[in-house]
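Everything on this sheet refers to the single structure shown next.
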Amino acid sequence: ISQAITHDRQTSVTEGTIKNLSFESTPSSETVATPATISINQFFALANISVPNLLSHTLENSFMAGLFGETSGAVTPFVILKVSDKDIAVAGMLDLENYLPSLFEKVFGSTPETTGAPKTKFRTVVINGHDVRIIEGKSSTTAYAFANPQSIVVTQSKSALEKLLILAEKK
């Protein structure tokens with residue numbers, strides 16, 4: 001999976017466009033030949049991340065993972081989570097924060113900043129009227145925000161988050 005994503009990140013994703021990544025599991029039974037899309041909990045398991053119970057209970061199975069083409073020519077990975085209860089999801093996301101940078105490392109092949117200064121903590125900022133939780137280092141960023149009460153956008157750049165929030169808040 002990592003090799004395929006690395007290849008996709010190296011191929012051009014034009015500025016302002018999104019490349020959707022599909023994660024499917026191959027059935028173990030030979031009678032069922034059609035691969036099935038994995039759930040968000042399977043996606044987190046793929047990254048070896050244990051989702052806090054609070055968040056796990058409100059996560060919907062469907063999610064979107066993809067790559068966003070930046071103005072600078074960079075390609076930024078993102079995940080959009082669907083939740084059934086925003087209040088519970090807020091508490092669950094706070095518990096999940098420390099694992100978000102490793103999600104991007106393990107699934108998308110991004111390298112979070114792990115050396116140098118002591119661990120930086122997430123802080124809250126406002127971007128386009130949304131409360132955003134963000135952690136910024138010299139060379140990496142991880143940020144997330146609720147686009148609407150049912151959708152959480154998680155990505156690795158403020159500029160990608162700004163654009164994705166606009167798109168996701170309408171869904």
Side-chain angles (χ1 to χ4, degrees), residues 1-23 38 40-52 55 59 62-83 89-90 92-148 151-169 171:
I1 293 173
S2 294
Q3 288 176 337
I5 292 173
T6 300
H7 176 266
D8 284 345
R9 287 186 78 170
Q10 292 171 349
T11 60
S12 65
V13 177
T14 346
E15 175 186 338
T17 63
I18 292 172
K19 177 169 184 140
N20 186 29
L21 300 175
S22 178
F23 293 86
I38 67 171
I40 188 59
N41 286 315
Q42 290 170 312
F43 179 76
F44 279 116
L46 175 70
N48 200 26
I49 292 175
S50 179
V51 178
L55 184 60
L59 282 174
S62 63
F63 70 100
M64 179 180 185
L67 303 171
F68 180 79
E70 301 259 18
T71 306
S72 64
V75 177
T76 301
F78 69 90
V79 179
I80 300 176
L81 309 172
K82 292 296 206 179
V83 295
V90 167
M93 287 301 293
L94 291 171
D95 287 345
L96 187 67
E97 282 183 352
N98 291 333
Y99 302 100
L100 290 176
S102 66
L103 170 71
F104 289 106
E105 175 186 18
K106 292 175 181 176
V107 177
F108 296 101
S110 299
T111 307
E113 196 171 281
T114 55
T115 59
K119 256 191 170 171
T120 308
K121 301 216 184 259
F122 276 82
R123 61 188 173 87
T124 303
V125 299
V126 176
I127 296 176
N128 293 343
H130 295 277
D131 288 337
V132 173
R133 295 288 291 161
I134 190 166
I135 185 170
E136 294 177 285
K138 292 178 188 170
S139 61
S140 66
T141 298
T142 301
Y144 71 91
F146 281 82
N148 59 47
S151 303
I152 307 168
V153 178
V154 186
T155 188
Q156 281 195 300
S157 88
K158 283 173 34 176
S159 59
L161 184 66
E162 289 173 4
K163 303 286 190 303
L164 291 166
L165 282 171
I166 293 167
L167 296 173
E169 70 186 352
K171 300 288 179 189

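Counting begins at 1 with the first residue of the sequence. Bear in mind the structure is a predicted one, so any value in this text is a computation, not a measurement.
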Kindly compute the distance separating [atom1] ([X]) from [atom2] ([Y]), expressed to the nearest 0.5 Å.
X: I135; Y: E97; atom1: CD1; atom2: CD; answer: 8.0 Å
X: L55; Y: N41; atom1: CG; atom2: CG; answer: 8.0 Å
X: L67; Y: L21; atom1: CG; atom2: CG; answer: 4.5 Å
X: N128; Y: L161; atom1: CG; atom2: CG; answer: 8.5 Å
X: Y144; Y: D131; atom1: OH; atom2: CG; answer: 10.5 Å
X: L81; Y: L96; atom1: CG; atom2: CG; answer: 8.5 Å

Using side-chain heavy atoms (C-beta onward) and a distance below 4.5 Å, is [X] in contact with [Y]?
X: V153; Y: L167; answer: no
X: T155; Y: F68; answer: no
X: M93; Y: V154; answer: yes

Inset, instruction - Compare every heavy atom of P77 with every heavy atom of Q156, then report the nearest pair and how far apart it is. - result: OE1-CG, 3.3 Å
Legend entry - Nearest atoms (heavy-atom pairs only) where S151 meets A168: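 Smallest interatomic distance, heavy atoms only, reads OG-O, 4.3 Å.
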Inset, instruction - State which residue, out of T142, V90, I152, L94, fulfils the side chain to side chain contact (heavy atoms under 4.5 Å, CB included) condition with R133. - result: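 So the option named by the test is L94.
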Inset, instruction - Give the C-alpha distance, both sets of side-chain angles, the deciding distance and a yes or no for side chain to side chain contact (heavy atoms under 4.5 Å, CB included) between T124 and V132. - result: CA-CA 5 Å; T124 303; V132 173; over 6 Å; no
Inset, instruction - State plainly whether the residues K163 and E70 are in salt-bridge range, i.e. N to O under 4.0 Å. - result: no
Inset, instruction - List in chain and number order the residues that pass side-chain hydrogen bond (donor to acceptor under 3.5 Å, both in side chains) with T17, two or more places apart in sequence or in another chain; answer none if no residue qualifies. - result: none
Legend entry - Any donor-acceptor N/O pair, N20 side chain to M64 backbone, under 3.5 Å: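 No; zero donor-acceptor contacts below 3.5 Å.
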Legend entry - Donor-acceptor pair, side chain of T76 and main chain of G69, under 3.5 angstrom: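 Judged by distance alone, no pair lies under 3.5 Å.
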Legend entry - ring pair (Phe, Tyr, Trp, His ring centres under 6.0 Å) partners for F43, two or more places apart: F23, F63
